[in-house]
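Everything quoted here is computed from the prediction, not taken from an experiment. The sequence lines fix the lettering, A, B, ..., with proteins before strands; numbering per chain opens at 1.
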Amino acid sequence: MDIQFFDTMTREKRVFNPMSPNVVKMYTCGPTVYNYAHIGNFRAYIFEDILRRTLKYLGYNVTQVMNLTDVDDKTIRDSNVAKTPLKVYTKKYVDAFFEDLKRLNIEKAEFYPAATDHVPEMIELVKILIDKNYAYKSEDGSIYFSISKFPDYGKLAKIDMQNQRSGARVNFDEYEKDSVADFALWKAWTADDGDVAWDSPWGKGRPGWHIECSAMSMKYLGKTFDIHTGGIDNMFPHHEDEIAQSEAANSQKFVNYWMHCEYLVVNGQKMSKSLGNFYTVRDLIAQGYSPEEIRWVLISAHYRKKLNFTFDALKQARETLKGFKSFFSRLNEAVKTNKQSLVSFDFVNDHINKFKEAMADDLNISEALASVFSLEKETNKLLTAPGIGATEAKTVLNAFTGFNAILGVFDFSEEPDNVPSEIRELAETRHAARKTKDFAKADSARNQLTELGWIVEDIPAGFKLKKI
RNA sequence: GGCGUGGUGCCCAAGUGGUCUAAGGGAGCGGUCUGCAAAACCGUUAUUCGCCGGUUCGAAUCCGGCCCACGCCUCCA
């Protein structure tokens with residue numbers, strides 16, 4: 001089965017062939033740790049997680065690198081405001097980031113290199129660019145990349161630099177550059193930087209914004225690697241600049257497949273810190289939404305489509321996940337029975353194959369979920385009507401475990417061993433009352449349970465308790 | 001000014017020339033089941049895919065124009 005990904009460079013779906021047959025090397029742009037990441041940011045990280053899990057599901061080993069940008073204008077600015085050393089300041093948000101990744105069940109990458117740990121590598125790269133005459137030193141001691149030396153500049157974003165209205169929104173006081181579009185490889189130290197500085201052949205300073213990704217991807221993945229991803233806002237200038245630096249320095253192709261994730265929008269507008277229309281994972285959890293519900297919302301739209309974030313979507317996710325939860329609970333019950341199989345279960349594999357094919361087709365999650373829902377529905381029918389055997393129930397459960405290797409949202413745990421005794425007693429009371437047809441008593445017990453936050457359902461074997 | 005993306009039912013969301021009188025989910029409504037519920041199942045909610053033209057035997061899907069929304073060209077996932 002071919003895997004196809006939409007490559008931003010060619011703007012079309014291409015059959016995916018990694019450089020080595022069984023290993024995929026991918027670089028995923030990570031957070032700038034100056035604040036809590038918001039769920040718009042996490043949309044990108046979840047897209048990367050789905051990509052990674054899909055590749056693994058389809059049989060590849062994955063080596064993923066995600067950078068942590070822990071030195072830049074904003075981290076310096078905000079650590080100064082907080083009167084906290086940069087490293088201490090950023091650590092807080094690095095920790096928070098990993099905490100959120102864990103909550104959202106995002107698999108860990110193999111490497112999380114921090115920019116501040118790789119300054120020597122960046123300096124080496126800048127040296128090469130200067131030696132090859134792609135970079136120049138300005139009067140203030142900063143080093144810039146000269147895009148006029150790199151004719152391919154703009155090939156990813158399809159930007160023709162001749163046609164840009166430079167000046168309209170570019171600050172003209174960057175007089176020291178040859179051309180306004182030239183970007184910094186190394187920034188000379190200024191007073192605003194405080195004690196954030198590294199020594200370099202060009203004097204005290206710090207790396208430019210883009211160089212870390214070139215240097216660190218090269219270190220961990222090589223000069224050419226398979227996939228590079230990020231939010232679509234990284235496409236220009238960030239990824240364009242990475243290409244320029246890397247390809248100029250190495251004289252070889254930087255990346256084979258570029259994949260970009262669309263925005264999360266709120267009321268039609270991009271969720272961003274500058275607009276202030278953002279929610280963090282912790283905000284939503286504080287409002288009573290679960291990480292699974294958040295994850296479901298973020299995975300359930302195709303990564304190249306804008307996703308409109310609403311609380312209604314979170315509520316829809318809640319209902320959907322509830323459905324799965326009770327489905328798994330029915331399956332778990334069926335597994336415990338000794339019922340004989342009455343039906344053929346070939347269709348389970350058909351559903352698995354459709355799921356797989358959909359994901360292999362540029363991560364078509366909607367198609368994939370359709371077969372997940374379809375398997376749920378078909379199985380539910382069988383659970384209701386003729387009954388299914390324990391073996392088949394197990395087969396279906398295994399299929400869902402397989403789906404979950406990518407989706408990462410299902411909770412298969414059996415409800416609940418940890419029911420408070422008070423709750424269990426109430427349910428027993430109700431059960432006994434029903435047996436003697438004392439429905440008034442039964443209903444009153446049920447009402448009490450509801451008030452305590454529990455739902456009781458009658459099933460052939462007795463009753464089932466669920467938390468609201 | 002340049003470049004780009006998208007507009008599909010009440011909401012979310014696939015489909016990108018025929019199997020589409022449009023998958024799937026959520027929600028609503030009707031029903032089966034139930035002491036009543038819940039869960040589950042069945043039925044139902046777009047002859048239509050922003051609007052207007054065109055190409056074609058045939059279009060949601062291709063072409064042209066228009067309207068609307070959003071984004072990039074500056075840090076941003």
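Pairing for A60(B) is absent, judged as Watson-Crick or G-U wobble with the two contacts each under 3.5 Å. Pair assignment for A39(B) gives none, since no Watson-Crick or G-U wobble pairing has each distance under 3.5 Å.
Using a 4.5 Å cut-off on side-chain heavy atoms (C-beta onward), K464(A) and R330(A) make contact.
Residue contacts shown for L264(A) include a base, since a base heavy atom lies under 4.0 Å away. The residue M235(A) sits apart from the nucleic acid: no heavy atom pair falls under 4.0 Å. If you check every strand for non-hydrogen atoms under 4.0 Å, K306(A) touches a base. Nucleic acid contact for Y263(A): base, since at least one base atom lies under 4.0 Å from a heavy atom of the residue. The residue G40(A) sits close to a base: some heavy atom pair falls under 4.0 Å. R430(A) comes within 4.0 angstrom of a nucleotide base, judged by non-hydrogen atoms across all strands. Note on T32(A): only backbone sugar-phosphate atoms sit closer than 4.0 angstrom, heavy atoms only; bases stay farther off. No contact: R304(A) has no heavy atom under 4.0 Å from any strand. Within 4.0 Å (heavy atoms only), V456(A) reaches at least one base atom of the nucleic acid. Note on E48(A): nothing from the nucleic acid sits closer than 4.0 angstrom, heavy atoms only. Contact annotation for H302(A): backbone-only contact, meaning every heavy-atom pair under 4.0 Å involves sugar-phosphate atoms and none involves a base.
The shortest non-hydrogen separation linking V196(A) to W189(A) is O-CD1, 3.7 Å. Of all heavy-atom pairs between F410(A) and N404(A), the closest is N-ND2, 2.9 Å. Here the closest heavy-atom approach between residue A115(A) and residue E212(A) is recorded as CB-OE1, 3.4 Å.
Evaluation of atom-type donor-acceptor distances gives no pair under 3.5 Å for the side chain of R330(A) against the base of A39(B). For a distance-only test at 3.5 Å, the side chain of D458(A) qualifies as a donor-acceptor partner of the base of C36(B). Contact of K270(A) with C76(B) (side chain to base): a donor-acceptor pair of N or O atoms is detected under 3.5 Å.
Dashed line: the shortest gap from a side-chain N or O of K158(A) to OP1 or OP2 of C72(B) is not under 4.0 Å. Residue N364(A) places at least one side-chain N or O closer than 4.0 Å to OP1 or OP2 of G15(B).
Between K322(A) and E293(A) there is no salt bridge, since none of the side-chain N atoms of the basic residue sits less than 4.0 Å from a carboxylate O of the acidic one.
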**Item:** Base-contact (B) and sugar-phosphate-only (S) positions in nucleotides 25-32 of chain B, heavy-atom cut-off under 4.0 Å, - elsewhere
**Value:** BSS-----
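For the residue pair T229(A)/T28(A), the side-chain donor-acceptor check at 3.5 Å is not satisfied. If you check the side chains of T116(A) and D70(A), you find a donor sitting under 3.5 Å from an acceptor.
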